[in-house]
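Counting starts at 1 for both ligands and their atoms, following the listed order. Residue numbers start at 1 and run along the sequence shown.
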Amino acid sequence: MHILIVEDEERLAKALKKGLELKGYAVDWLADSEKARNRILLYRSEYDLIILDLMLPGIDGATITESVRQEGVTTPIIILTARNETEHKVDLLNKGADDYIVKPFSFEELLARINSVLRRPTQSKPVVLKVGDLEMDMATRVVRKEGTEVPLTLKEFSLLECFMRQPNEVLSREKLFDHVWDFNSLSWSNVLDVHMKNLRKKLGTDENGDNLFETVRGVGYRLAGEIRE
Ligand code: CA
């Protein structure tokens, strides 16, 4: 899961970024509203969620929301507002925001909003993803192989989630990287290889003895397996 935070209050932004990273999200932070608008338009498919401050120097959060929605961006947006701005909440939702949260808020409250917004468009998807002999419980973040729990790190979990959501599809290295790491991470190629190696070590082969993750040369990787109900 990849989140973009647009917030000009540095202390708040850094605290949110750190907290969300500890929860396993890849997080980018921008303080400049014009840069943010461009990033959202150019990298619309890379983000799963945008957390957008309402009062920004330059273009405000409501205007950014309205303009990216007009450009066809469907990424969920949660707006951060100050207490005296709440009378505009209907306006925010009308402009295309999915939810808003009033400052000051607790981190737990934000997490609850994030979970509810992210669950909304995927309501029909099962909370437990099942592919082949793998099971991934999104609520408890437990992964099982043939019923036995396999402990994964946060990054390994995020990486495996990409595969479990799109089994039998070849996922490019760039796509995998963008979903799991933020824009500031460098030498991505190497990092991805290391995590793929660890995932393979932990999850190994399927019931037929074939490697679960197929390497597609020059492109990326594929998780083969039947989706189970
Ligand atoms: Ca602000």
**Ionic contact status for Lys103 with Glu7, cut-off 4.0 Å** = yes
**Request:** Could you please give the number of protein N/O/S atoms within less than 3.0 Å of the Ca ion (ligand 1)?
**Result:** 3
**Asked** Parallel, tilted or perpendicular for Tyr47 and His2, by the 30°/60° rule?
**Response** tilted
**Request:** May I ask you to decide whether Lys197 forms a salt bridge with Asp193, counting only side-chain N to carboxylate O separations under 4.0 Å?
**Result:** no
**Prompt:** Can any side-chain N or O of Ser158 pair as donor or acceptor with the backbone N or O of Met1 at less than 3.5 Å?
**Reply:** no
**Within 6.0 angstrom of Lys202 NZ, more than 12 heavy atoms from elsewhere** = yes
**Message:** To the nearest 0.5 Å, what is the distance between CG on Leu12 and NZ on Lys17?
**Reply:** 14.0 Å
